[in-house]
Amino acid sequence: MADRRIDPSHDEITAPAALPRPGGIAARARAASAPAYLEGLNAEQRRAVETIDGPVLVLAGAGTGKTRVLTTRLAHILTLGLARPGQILAVTFTNKAAREMRERIGGLIGESVEGMPWLGTFHSICVKILRRHAEAVGLKRDFTILDTDDQIRLMKQVIQAADLDDKRWPARQLAAYIDGWKNRGLTPDKVPSGDAYAFAGQGDELYKAYQARLKTLNAVDFGDLLLEVIRLFRENQDVLADFQSRFRYMLVDEYQDTNVAQYLWLRLLAQRPEGAGPPNICCVGDDDQSIYGWRGAEVDNILRFEKDFPGAVVIRLEQNYRSTSNILDAASHLIAHNEGRLGKTLHTQGDAGDKVTVTCAWDSEEEARLIGEEIEQLQRRGESLDDMAILVRASFQMREFEDRFVTLGLPYRVIGGPRFYERAEIRDAIAYLRATLQPADDLAFERIVNTPRRGIGDATVRTIHDVARARGIPMMQAALELTESEELKPRARSSLRALLDSFARWRGQLDALPQAELAAIILEESGYTEMWQRDRSADAPGRLENLKELLRSMEEFESMLGFLEHISLVMDSDAGGDEEKVSLMTLHAAKGLEFGTVFLPGWEEGLFPHQRSLDENGRAGLEEERRLAYVGLTRAKRRAALFFATNRRIHGLWQSTASSRFLDELPESNVEVVDTGSLRTSPSGYGHSRFDSREPFGSTYSTPGWQRAQRNKDRAAVRNPWNEPPLIEGEVLARSTGAESGYAVGERVFHQKFGYGRVSAVDGNKLTIAFEHSGSKRVLDSFVERH
DNA sequence: TCGGTTGAGTTTTTT
DNA sequence: ACTCAACCGA
């Protein structure tokens, strides 16, 4: 990869006014008076900030000050007056990142520049564009955005309408397919035939039907936000041209996480007419931290950047400011096992620090105990709990730690997990608001029509539904007409009548009352609040609390509509107390964070790397797991402690496990295998039993996992073939990918576990098979036979 | 309308 | 093994 060095005259081109030649007194004067925000940047960072013309790819390794560079770059463009805030497109992946960037830019250039309107997530920017041009893609301006839950309910209806058994063909699965297609930018007519065949042989038909339903509901799902804007751009050159010229500078964060649809979206915006010069697009990312392939991210986008944007300048940020060299070297050595990297060599000027530790535990319980003890020890030494984190591969691992911490009385916080707006009570409340504001919102209406119970059962709902479908009117209107006929039972009829009256009344108050006040009235009068007040279950008080929080956060918005808009895209719960706590989260959730001490439990084959990742994606899956390991290690500033257990309960069964191959891939000079004996003598008093009782049979060090770890200390040791870790299925897959299977699409096959089915797609030796009784699955060809 | 039973799924998760 | 959702019977 050839870095194109910066042209020395570059500064002059981009600076607002012509400046004297570099090297002279004036240049020195200019350097001295360089804006304060440039101070303290290293050479590469500064280059990344100042190279503002043309395509730039910034490869920002872990801990190299990426966010700082990004925000400084934006501040720089604004300060030089090269663009007004409204002419800069800055895309992030999460709302959190967008918020952070906004705050930091504000901090750099003062409050003088008002917020940038086009700084946000792909999705929020798309909403903004779509609201302006909704009609052009067949939507009304006030279209609703469905979340995953709505999507699945809608798909269920579509599946049922197609006369399919929604048991055998679960809506969730269809949702996954459609999501995948949308991630790849595929509209129903573009779905490849193999894929289309996948879901009961009518994947594309159902996709089409689903899209049609969305249009009649005046709704879009998350994927559509991107796709509809792409369609808008493609079909309306003038609209596209307008945005192309508007965005003089484009900036994309976490470029390694973009999917095909997002890529297409960017490509459209970055297109420049013949002879107009290259676009000023800057993509920032780290191919080594691409960990979202499973949800459609294409690392390829970043690997291909220079091809997509000829003449691109590639800048590598390799100076790490976060970790000690032991941690950094361990991580670098590990990630070097991946192929197809752009390649970076991180270095640090910091101390060597402690070595990365590897500890073997007998089982997951002991693992949690050891980590708990170590945390307490650090705490006694005066380290803050806020500066410690446990990063797990899968969320089920968290429970063991939570149990342990509760026992110890150790305060902890779980990061991630279900979001605020995903909770049932919040979604119900929002459904009430949506139904009030948008009478045509069938999904919202259906959700709360019988919540709380008001005697409008399934039968009634189905009647309403049928009438609405038959006449092509919204359900609420259908319901209204039904209450005026004799079709419904008196009881259902009267309570439906009452509900509709209420909605009409609330709607009448929309302009008269502040939204939060009206919302409170709606929740009160509908009996929703009362429902939870009467609920005697343990979580009812919490739910009421959440509802209050919802009302509180509503006050900050101009209107109810504005609030609904916000909540469908944003709304994350940042409920953090001020007490010091240990953080507990998945490795995925940890990206972008850093901690003094990081505990990484569960480094075992099958768990990490995860079996399913290997099974489904072979070598690519393994590499993504390895990147995940890399992300985990590089979160640590001073200490990284790895653990593996020789026994773990998986789906209820105790299994003995082999230590992760990733442990073998660490450089021995930076790793220390910990003698658990020293930890055992700590006066904890808890849960020694299992460990101690095993003592007479020999120490922990006789376990296979431990011995394996020991052998790693001496890499010269010859491994007996029978001592190799058990061959993992995915490994075979990884090795043999590329070998064509002898099967063809459409062939009928038999599988031991899933029965009969038809091959719907062939990918090397991986087959996608639509089974007659178990839906569609991906399996290895060796597991099926022709029939 | 509730509650017990049955069955399916059990990696990662944003928007 | 365990959880959670959907379903069926009282």
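Below, read A as the first sequence line, B as the second, and so on, with proteins coming before strands; counting in each chain starts at 1.
The residue among A:Arg295 and A:Asn450 whose nearest nucleotide of DNA chain B lies closer to the 5′ end is A:Asn450.
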Checklist outcome for this item: Expected string for nucleotides 1-10 of chain C under the B/S/- scheme (protein heavy atoms, under 4.0 Å, primed atoms plus P, OP1, OP2 as sugar-phosphate) is B-S---S---
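Atom-to-atom, CG of A:Leu130 to P of B:dT15 comes out at 18 Å; the value is rounded to the nearest Å. The separation between A:Asp615 atom CG and B:dT10 atom P is 14 Å, rounded to whole Å. Whole-Å rounding puts the A:Lys128 NZ to B:dT15 C1' distance at 16 Å. Between A:Met585 atom CE and B:dT13 atom C1' there is a gap of 15 Å when expressed in whole angstrom units. One atom, CZ of A:Phe396, and another, P of B:dT11, lie 8 Å apart when rounded to the nearest Å. Distance CD (A:Glu254) to P (B:dT15): 12 Å, rounded to an integer number of Å. In this structure, the CH2 atom of A:Trp265 is 13 Å from the C1' atom of B:dT15, given to the nearest Å. A:Asn183 places its CG atom 14 Å from the P atom of B:dT14, with the value rounded to the nearest Å.
Listed by chain and residue number, A:Arg534 satisfy the salt bridge (Lys or Arg N to Asp or Glu O under 4.0 Å) test with A:Glu530 (two or more places apart in sequence, or in another chain). For A:Asp149, the salt bridge (Lys or Arg N to Asp or Glu O under 4.0 Å) partners at least two apart in sequence or on another chain are A:Arg427, A:Arg447. Under the rule for a side chain to side chain contact (heavy atoms under 4.5 Å, CB included), the partners of A:Ala590 that lie at least two apart in sequence or sit in another chain are A:Leu391, A:Met585, A:Arg635. In this view, A:Glu103 satisfies the salt bridge (Lys or Arg N to Asp or Glu O under 4.0 Å) rule with no residue, not counting sequence neighbours. A search for ring-ring contact (aromatic ring centres under 6.0 Å, His included) contacts involving A:Tyr292 returns A:Trp294, A:His588, not counting sequence neighbours.
In this structure, A:Leu130 and A:Val137 have side chains that are in contact, with non-hydrogen atoms separated by less than 4.5 Å.
In this pair, A:Phe599 and A:Phe643 present their aromatic rings tilted. The plane angle is within the 30 to 60° band.
Taking only side-chain atoms of A:Glu625, from C-beta outward, the nucleotide of B:dT1, B:dT13, B:dT11 with the closest atom is B:dT11. Among the nucleotides B:dT10, B:dT14, B:dT15, the one closest to the side chain of A:Arg612 is B:dT10. Checking B:dT12, B:dT13, B:dT15 against the side-chain heavy atoms of A:Thr148 singles out B:dT15 as nearest.
Side-chain N/O atoms of A:Asn95 include one lying less than 4.0 angstrom from OP1 or OP2 on B:dT15.
Rounded to the nearest Å, the gap between the P atom of C:dC2 and that of B:dT13 is 23 Å. As rounded to the nearest Å, B:dT12 and C:dA5 have P atoms that lie 16 Å from one another.
Under the stacking criterion of a centre-to-centre distance below 5.5 angstrom and an interplanar angle below 30°, A:His610 sits stacked against the six-membered ring of B:dT11. In this structure, A:Trp294 forms no aromatic stack with the base of B:dT11, since the conditions of centre separation below 5.5 Å and plane angle below 30° are not both met.
A:Arg453 contributes no side-chain N or O that forms a donor-acceptor pair with the base of B:dT1 under 3.5 Å.
A:Tyr412 and A:Phe401 have their aromatic ring centers separated by at least 6.0 angstrom.
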